[in-house]
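Below is one structure, written out as structure tokens, with a few remarks after it.
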Amino acid sequence: MSRDSISPEPSGAAEPRRLIGVLPAHALGPLERMLDALEQIQPVLFQWREPGDLGGLDGVIVLDQSLISEVPAGLPVLLLSAPGPVVRGGELVQFTDSALLARPLRGRALWEDSGRTPVSLLPAAGDTVLASVDGRPAWWSGGPRGMTVSAFGLGELGERETLRSHLRERRFMGVLVVLQFLRDVCAELNWAEQPLRASFVIDDPNLHRPSYGFLHYAELIEHAARHRHHVGLAMVPLDGHLVNRRAAALLRANGSHVSLLAHGNDHVSRELGRLNTSEAAERAIAQALRRLSAFQERSGIPVRRVMIPPHGACSPEAVTAMLRLGFEGACISRPYPWREEHDPASALDGWYPAELVAGGLPILPRYHLDHPRSDLIFRALLRQPLILYGHHWDFAEGLQALSQAVSDVNDLGDVQWGPLDWIAAHNYSLRRTGELLDVRMHSLRAVVEIPAGVTAVRVHTQPIHGGPHWRGVRCAGLQAPMSRGAGGWSSEPLAVSDRQQVEISLPPARPLQAGALSGPVFKPWPLARRVLVEGRDRLQPLLAARP
Ligand SMILES: [Zn+2]
């Protein structure tokens, strides 16, 4: 797409867009890939412009300070510096408490390696300083119809880079400033933000006893109740054959504080990453589901249909099998665990609130409890679920690690805690236009409250790599096709009159029943291995207690 010609909308996009001029044309070298990526995530269209040619714009990004007088009054303007040389060791960017800033940023200090270019301007009376470096204003704004100034520049997106790699600690100011400007210009076109959602996940525990390693379930539940959080225990389906009555009673009675998730099937090394044919994947995932159903019958505790792949390893075949067998998502630290050594699938990898992979299964990102919390700020900005995980040994000294994490996460905004399937079912954004509610799903199933006066919903998804494995959308008893557009997939409006809540789902085109598939060939060693690993885990606190 050429930015030099005036085209009101990219082909195929029905969405209204705001027109943003970039002045002067090609001032700072190429920015095409960066602007393309920004057009995919904000309802904007960029056009290179020259001084004297600023008609018809909704906003303008000025790359040369000497041209600022050319901008007509009342046109929102962002004055950006040229990107400066990288600063070794970085500089600390201190954000103010201004309400003009997104909540996760307020009052934060973050390290930035991108260099600044000094601006000769200073904030004027009435301007709000948003961030400073070494006590000097580095980003300020005169409000939505005024001028925003940043000492940081916007760099081009490298050929193999993702936009997300420009929005993380040590490289964020360029994209952050532009995003905030675009959101202000687009105001009423923006999708309404949902509350942030959070959960803890602890890998490996089972219900063979009321404790697992350093983890005592009664204590954990008491902690979750007191600090109002939620813990998902990722249980190996193989372990489901044995249920301790006291452990089961504890979990049954405290479902709002603790839930169970699927953790592989046998938990052998890189288990789901090794399933490299559809048949092997379907047999293994179906066996996991059968084991979990039997466990549920025995214990009375539901296991949420979200998979935590052991060791974060997962093949695309395993993901597709999960989708066909009724899983609602998987939770992994990397959106494409099978692409580690490859280029990203698109510049928007890792940008959405969940990645829809291998036919459309949402991958909810997770993050280790031990990692620095700065990335959570960026996750919160991207409205990604805030899922922190660990193992029983992370609590050898008690549950303080959880207390601290709850407080850090709750500091990021209005945060609600709950199980992962609930997080997946509320991972969407909304935009209302009169009686029509647009729902952009980052999941296979969404539970949506219908505001009074809304008579129809229209369903959207982001692009799905490899194309969707679902067939149309189901909502309030209606089934409708989804058609492909510029920014993903969309349905026609579906009537929802007289409803207060609807469930929207994208059912698999070729569903499978776990009961109808035969299991993998029996091998005794996974059981032997689990017994050994569990024995080791359960011994750890005893050994640690010895003088
Ligand atoms: Zn594990």
Side-chain angles (χ1 to χ4, degrees), residues 199-209 211-217 220 230-244 247 251 258-275 281 284-285 287-289 291-292 295 301 303-315 318-319 321-322 327 329-335 337-338 340 361 363-371 385 387-396 399 401-402 405 419-421 520 523 525-541 544:
S199 186
F200 292 119
V201 171
I202 301 173
D203 286 5
D204 306 332
N206 56 41
L207 300 198
H208 296 178
R209 298 184 60 187
S211 65
Y212 188 86
F214 291 102
L215 220 51
H216 297 270
Y217 299 149
L220 183 67
H230 186 96
V231 182
L233 303 178
M235 182 182 82
V236 181
L238 177 66
D239 288 353
H241 64 280
L242 196 66
V243 182
N244 173 282
L251 264 74
V258 62
S259 55
L260 291 178
L261 303 157
H263 191 36
N265 181 31
D266 286 335
H267 202 289
V268 291
S269 171
R270 297 184 58 80
E271 182 174 30
L272 305 187
R274 297 202 274 177
L275 299 171
I285 303 296
Q287 185 177 53
L289 279 170
R291 285 168 167 174
L292 294 177
F295 165 84
I301 308 164
V303 180
R304 314 292 172 140
R305 295 297 188 251
V306 177
M307 176 63 81
I308 314 291
H311 316 110
C314 196
S315 69
V319 169
M322 287 178 217
F327 271 89
C331 180
I332 315 178
S333 9
R334 292 151 296 150
W338 55 87
E340 267 167 283
L361 193 86
I363 305 291
L364 305 172
R366 69 180 202 160
Y367 197 68
H368 199 277
L369 267 165
D370 268 358
H371 287 358
I387 301 168
L388 296 177
Y389 75 97
H391 294 83
H392 75 96
W393 56 78
D394 293 310
F395 310 105
L399 297 173
L402 291 186
L420 295 198
D421 59 337
K523 293 189 192 114
W525 72 270
L527 185 59
R529 186 182 186 279
R530 254 326 274 162
V531 168
L532 286 172
V533 170
E534 181 177 350
R536 178 205 66 189
D537 284 347
R538 291 193 181 279
L539 261 175
Q540 268 188 38

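Order of listing sets the numbers, starting from 1, for every ligand and every atom in it.
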Specify whether an N/O/S atom of His267 falls short of 2.8 Å from the Zn ion (ligand 1).
-> yes

Examine all N, O or S atoms of Asp204, backbone included, and report whether one is under 2.8 Å from the Zn ion (ligand 1).
-> yes

Roughly how far, to the nearest 0.5 Å, is the CG atom of Leu369 from the CG atom of Asp394?
-> 6.0 Å

Just checking, any donor-acceptor pair under 3.5 angstrom between side chains of His263 and Asp239?
-> no

Is the side chain of Arg305 donor-acceptor paired with the backbone N or O of Val303 at a distance under 3.5 Å, no angle test?
-> yes

Distance-only, no hydrogens or angles: does the Glu271 side chain make a donor-acceptor pair with backbone N or O of Pro310 under 3.5 Å?
-> no

N/O/S atom name from His263 that is nearest to the position of the Zn ion (ligand 1) | NE2

